[in-house]
2 protein chains.
Amino acid sequence: MATARRRDAAATRAAILQAGIDAFTRHGFDGIGVREIAQAAGVSAMLVNRYFGNKEGLFAEVVEVSMTDRTVLTGDPATLARDIAAALVRRTAPDADDLSPFLLMLRSASNQRAAEILRAGIEKHVEAHVYDVAPQTRGTGRAALVLSVIAGFWLQRKVIGSTALEAADEEELAGTLRRLFEVLLP
Amino acid sequence: MATARRRDAAATRAAILQAGIDAFTRHGFDGIGVREIAQAAGVSAMLVNRYFGNKEGLFAEVVEVSMTDRTVLTGDPATLARDIAAALVRRTAPDADDLSPFLLMLRSASNQRAAEILRAGIEKHVEAHVYDVAPQTRGTGRAALVLSVIAGFWLQRKVIGSTALEAADEEELAGTLRRLFEVLLP
DNA sequence: ACGGTAAGTCTACAACCGTATACATAGGAG
DNA sequence: CTCCTATGTATACGGTTGTAGACTTACCGT
């Protein structure tokens, strides 16, 4: 935000956090510098360290926020697989610009410290959310497999940019994905 | 190789290439420097540039090599899904140290230039290989989905380090994965 | 034996990184 | 109004990165 902001600690902290979500999701932990994040938030680079300790501290809070209050899937077991598949295809559409926590994970996982933070966040929030809507997967590893399929699809379609997935018919794609989730969420 | 190698262009080039495969697969394109790669190959850093142009040139050749001559899956359609599932679980076992092209992809995809090189390599070699053993997937996007599932599983189990997938029973895991591949490779 | 060339190294540079320290100022409390 | 502190900036430093250019040396053909 270039418009001069009044001195407001909470607001600038929030602006830095939002800029961090954007930047880390688009470029990954190692792909962006604190100077660029600060510039996007309209502040000086050192404010990142003042409010979040250091770059890693900001990343940890970005993960925490990005993994929580996210699109909550309907808890209806009858349509769960179909709903996940439809949302996945829609949110990874070629013209969509979705800041998904899966993109955050995919683009930052190569850094080992970041991977550890991501693992904790995923298990605490995302995987736990799968257990909420599909309790029968507890202890089977199938909840983690659901996340694997989602992450893999996001990787191929939006990070790698598979031309096969770009050309594929979206309805057929959603149908196939739905059958995959039906295997994992019976 | 610390032992003084005789001056042999082909051998040193191969040593650098192998060091590059190791390094890029373990740390990703942005996670390793040319100095470290050269040191692992027992040569000076500038030889990387002499033989491969620059870091990106080495990465491109690493992708090319890593995506080809790899474990060739049996072409038997009857056991294909089961074979892929079994190989996947085995090669991602917690104590396994497998330099898979999927790890190369997962750890380097955050870099945009690297992602483009990876996409080309995948479509040229890996995806084409799926078409060879399962021609019925051509044009459906299901071959790309097979790669998505494999990549997603490798990500969760070896890059992120999901504790749920570490604790899960390997036979049950292989069975579930097999049913996923049966959906994609009918 | 010996020179030419391929093979390899050394040094250096400009750019960038994360962050510590010192400094400036807005704005509310008294 | 005045001062104190929270808020924000400027500068700088040590380290690392990719790679360009000049330099050395081993080896092979003659």
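Numbers restart at 1 for each chain; the letters A, B, ... are given by sequence-line order, proteins then strands.
- Salt-bridge annotation for B:E116 and B:R119: present, with a side-chain N of the basic residue lying under 4.0 Å from a carboxylate O of the acidic one.
- Comment: B:D30 does not engage B:R113 in a salt bridge, judged by the lack of any side-chain N to carboxylate O separation of less than 4.0 angstrom.
- Between A:F29 and B:R35, the one whose closest nucleotide on DNA chain C sits nearer the 5' end is B:R35.
- Rounded to whole angstrom, the span from the CD1 atom of A:I32 across to the C1' atom of C:dG18 amounts to 14 Å.
- B:Q112 CD: 12 or fewer foreign heavy atoms inside a 6.0 Å radius.
- Between the P atom of C:dA20 and the NZ atom of A:K55 lies a distance of 15 Å, rounded to the nearest Å.
- Shown here are the ring pair (Phe, Tyr, Trp, His ring centres under 6.0 Å) partners of B:F59, two or more places apart in sequence or in another chain: B:F24, B:F29.
- More than 12 non-hydrogen atoms from other residues, nucleotides or ligands lie less than 6.0 angstrom from CZ of A:R13.
- At a cut-off of 3.5 angstrom, counting only N and O atoms as typed in the model, there is no donor on one side facing an acceptor on the other between the side-chain of B:R7 and the base of C:dT5.
- Within 4.0 Å (heavy atoms only), A:E36 reaches sugar-phosphate atoms of the nucleic acid but no base atom.
- Remark: A:S44 is not in phosphate contact with D:dA10, judged by side-chain N or O atoms under 4.0 Å from OP1 or OP2.
- The CG atom of B:D30 sits 12 Å away from the P atom of C:dG18 (whole-angstrom rounding).
- Residue-to-nucleotide contacts include no donor-acceptor pair under 3.5 Å from the side chain of B:R50 to the base of D:dT19.
- Taking side-chain N and O atoms only, B:T12 has a distance below 4.0 Å to OP1 or OP2 of C:dG8.
- Of the candidate nucleotides D:dG18, C:dG8, D:dT11, D:dG18 has the atom nearest to the side chain of B:V34.
- One atom, CG of A:N111, and another, C1' of C:dG18, lie 13 Å apart when rounded to the nearest Å.
- Distance CD1 (A:I16) to P (C:dT19): 14 Å, rounded to an integer number of Å.
- In this structure, A:L58 reaches neither bases nor backbone, as no heavy-atom distance under 4.0 Å exists between it and the strands shown.
- Among the nucleotides D:dT9, C:dG8, C:dT19, the one closest to any side-chain atom of B:L47 is C:dG8.
- Bending across the helix from C:dA1-D:dT30 to C:dG30-D:dC1, expressed as the angle between its end axes from five pairs apiece, amounts to 10° (10° rounding).
- Nucleotide C:dC16 holds its P atom 15 Å from the NE2 atom of A:H27, rounded to whole Å.
- Across A:A19 and A:A40, no two heavy atoms sit closer than the pair CB-CB, 4.1 Å.
- Contacts classified as salt bridge (Lys or Arg N to Asp or Glu O under 4.0 Å) and involving residues 143-167 of chain A (residues at least two apart or in different chains) are given here: A:R157-A:E170.
- Atom CE of B:M46 and atom C1' of C:dC13 are 13 Å apart (whole Å).
- Going from atom CG of A:D8 over to atom C1' of D:dA6 covers 12 Å, rounded to whole Å.
- Looking at B:L145 and A:Q156, their side chains never come closer than 4.5 Å, going by heavy atoms from C-beta outward.
- Dashed line: the shortest gap from a side-chain N or O of A:Y51 to OP1 or OP2 of D:dT7 is not under 4.0 Å.
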